[in-house]
Amino acid sequence: MEAFGRRARGRPIAISSLAPHQEYASRGAMSRPVWDPLGQVRALMAIVKPVLLRSLQRSLRSLGGERAPVLAGHKLLYRCNLECKMCPFWRREDEPLLGLADEIRMMEALAKAGVSFLGFEGGEPLLRPDLGAILREAHDRFHTSLVTNGWLLARRLREIAPHLDLLFVSIDGIGERHDRLRGIPRSFERAVDGLRASRSEVPSIISHTVTRENLDHSEKVVELAEQLDVGLTLQIAYDYRTADPMSPDRAALRPVIERLRDLRRSGAPILESVEYFEAILGSWYGERPWRCKPWLTINIDPAGRIVLPCYVLQEYRGSEPVWSVDLRQLWNRYDWSRYEGCNRCALACYLEPSLFRWTDFACLRDRLLDGAIHYAERRPRTSRRGIVSG
Ligand code: SF4
Ligand code: SF4
């Protein structure tokens with residue numbers, strides 16, 4: 001039986017019947033993290049340096065009224081091996097995908113514009129055979145993250161882990177509930193197996209989407225995160241035109257948001273800030289809208305095109321290739337003011353940066369410093385090309 005995490009508060013969840021992932025185990029155990037203070041200082045600086053340098057550049061530009069993106073999200077493909085009800089992407093045909101040279105062209109354009117964090121997603125990114133090479137290039141320029149459904153994770157972990165700062169594995173319920181939402185049997189088992197394999201190699205996070213069909217499982221997924229000793233990030237389902245409507249009923253959602261906020265306050269491993277939950281409650285249930293700043297996040301579709309003004313409103317359909325435009329000019333000519341009062345989605349990748357204030361020390365400590373120190377404490381010792389034995 002799984003040794004449950006030391007921070008578990010609730011009852012153990014019945015995941016003991018899951019078999020260990022044979023494919024992964026048969027390749028031999030990877031190294032465990034070792035105590036390496038110098039390595040941890042280096043890991044901390046590797047985060048802080050590019051963040052601070054690019055942030056400083058951005059701050060100087062913003063003094064002159066300039067806007068620049070901080071985070072970038074890039075879908076590597078739309079194709080997926082699962083069929084989630086609320087997802088429009090697996091239903092689309094992919095155009096020819098970018099090769100490595102064009103991925104690098106995209107990265108150079110993003111770095112020049114001031115982006116510090118590059119997150120890869122899909123579809124299912126692990127379906128791309130060249131993923132390891134793409135991540136290696138990205139990790140030379142950005143803090144990197146990847147979202148996966150976990151099905152292929154254990155098999156490809158060794159190739160991708162050295163080039164990732166954060167790994168997100170989607171889990172939307174426990175056991176059969178997750179499988180029903182994902183449309184494929186055993187997807188829960190595969191995701192949990194992937195997390196068990198990944199958590200000692202790269203900081204690993206459960207990505208949980210709250211829908212109308214799993215409101216009663218959100219707290220259980222938080223417990224699962226505690227039991228697996230990983231973090232958790234939340235999304236609230238948004239109704240895309242080309243997918244099944246799955247956003248939760250607002251009245252039924254409210255106590256769940258309040259409960260998750262309280263869990264976050266009491267130390268549950270939820271990445272979203274207390275302010276994130278307060279912003280949703282204030283806007284959707286009160287009269288206190290947050291000021292959405294979609295310019296802080298840039299999204300690039302699988303063909304390298306920029307999605308404007310945001311992921312949600314365009315359903316990830318891009319316009320111009322990112323390398324064909326002057327991003328600084330585009331960002332500062334675009335009429336963002338129409339979207340400041342939008343508040344239609346609560347996607348953390350837009351809402352959290354919108355709430356961030358460099359002048360607020362509590363905010364800085366909560367969102368950046370604590371996360372960076374936690375990361376440095378947990379980060380396994382890695383080399384640029386592989387995991388170093390302890
Ligand atoms: S795993 Fe992700 S990309 Fe695949 S169908 Fe589900 S939500 Fe869409
Ligand atoms: S709140 Fe509106 S403008 Fe902001 S990211 Fe969501 S959909 Fe886009």
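Every number for a ligand or one of its atoms is a count from 1 in the order of the listing. Index from 1, following the sequence.
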Discussion item. Would R186 and D179 count as a salt bridge (Lys or Arg N to Asp or Glu O under 4.0 Å) here? Give the steps.
Written reply: CA-CA 6 Å; R186 293 188 59 231; D179 290 357; over 6 Å; no

Discussion item. So W336 and P294, do their side chains get closer than 4.5 Å, heavy atoms only?
Written reply: yes

Worksheet item: Side chain, backbone, both or neither: which part of L351 comes within less than 4.0 Å of ligand 2 when only heavy atoms are counted?
Response: neither

Item to complete: Would you mind reporting whether F117 and S145 have side-chain heavy atoms less than 4.5 Å apart?
Response: no

Discussion item. Let me confirm one number: the CE-CD distance from M107 to E137, rounded to the nearest 0.5 Å.
Written reply: 6.5 Å

Response to the item:
Quick note on ligand 2: atoms under 4.0 Å from a heavy atom of C292 include exactly 1 (S), 3 (S), 4 (Fe), 5 (S)

Worksheet item: To the nearest 0.5 Å, what is the distance between CZ (R156) and CG (L126)?
Response: 6.0 Å

Discussion item. Taking 4.0 angstrom as the limit and counting only heavy atoms of C310, give me the atoms of ligand 2 inside it, by number and element.
Written reply: 5 (S), 7 (S), 8 (Fe)

Worksheet item: Taking any residue with a non-hydrogen atom under 4.0 angstrom from an atom of ligand 1, which ones do you get?
Response: C80, L82, C84, C87, W90, G123, N149, R182

Worksheet item: Rounded to the nearest 0.5 Å, how far apart are OG1 of T209 and CZ of R182?
Response: 6.5 Å

Response to the item:
Near Y350 (heavy-atom distance under 4.0 Å), the atoms of ligand 2 are 5 (S)

Worksheet, complete the sentence: The single option from V115, L118, D165 that satisfies side-chain contact (heavy atoms from CB on, under 4.5 Å) with H143 is D165

Worksheet entry | Any L313 heavy atom less than 4.0 Å from ligand 2 | yes

Item to complete: Quick one: pull up SG in C310 and NZ in K293 and give me the separation to the nearest 0.5 Å.
Response: 15.5 Å

Discussion item. Rounded at 0.5 Å granularity, tell me how far CZ in R79 sits from CD in E93.
Written reply: 10.0 Å

Worksheet item: Which atoms of ligand 2 sit under 4.0 Å from any heavy atom of R344?
Response: 1 (S), 2 (Fe)

Discussion item. Using a 4.0 Å cutoff against the non-hydrogen atoms of V312, which atoms of ligand 2 qualify?
Written reply: 7 (S)

Item to complete: Please answer: with hydrophobic residues joined when any side-chain heavy atoms are less than 4.5 Å apart, are W90 and W151 in the same cluster?
Response: no

Worksheet, complete the sentence: Within 4.0 Å of some non-hydrogen atom of N343, the atoms of ligand 2 are 1 (S)

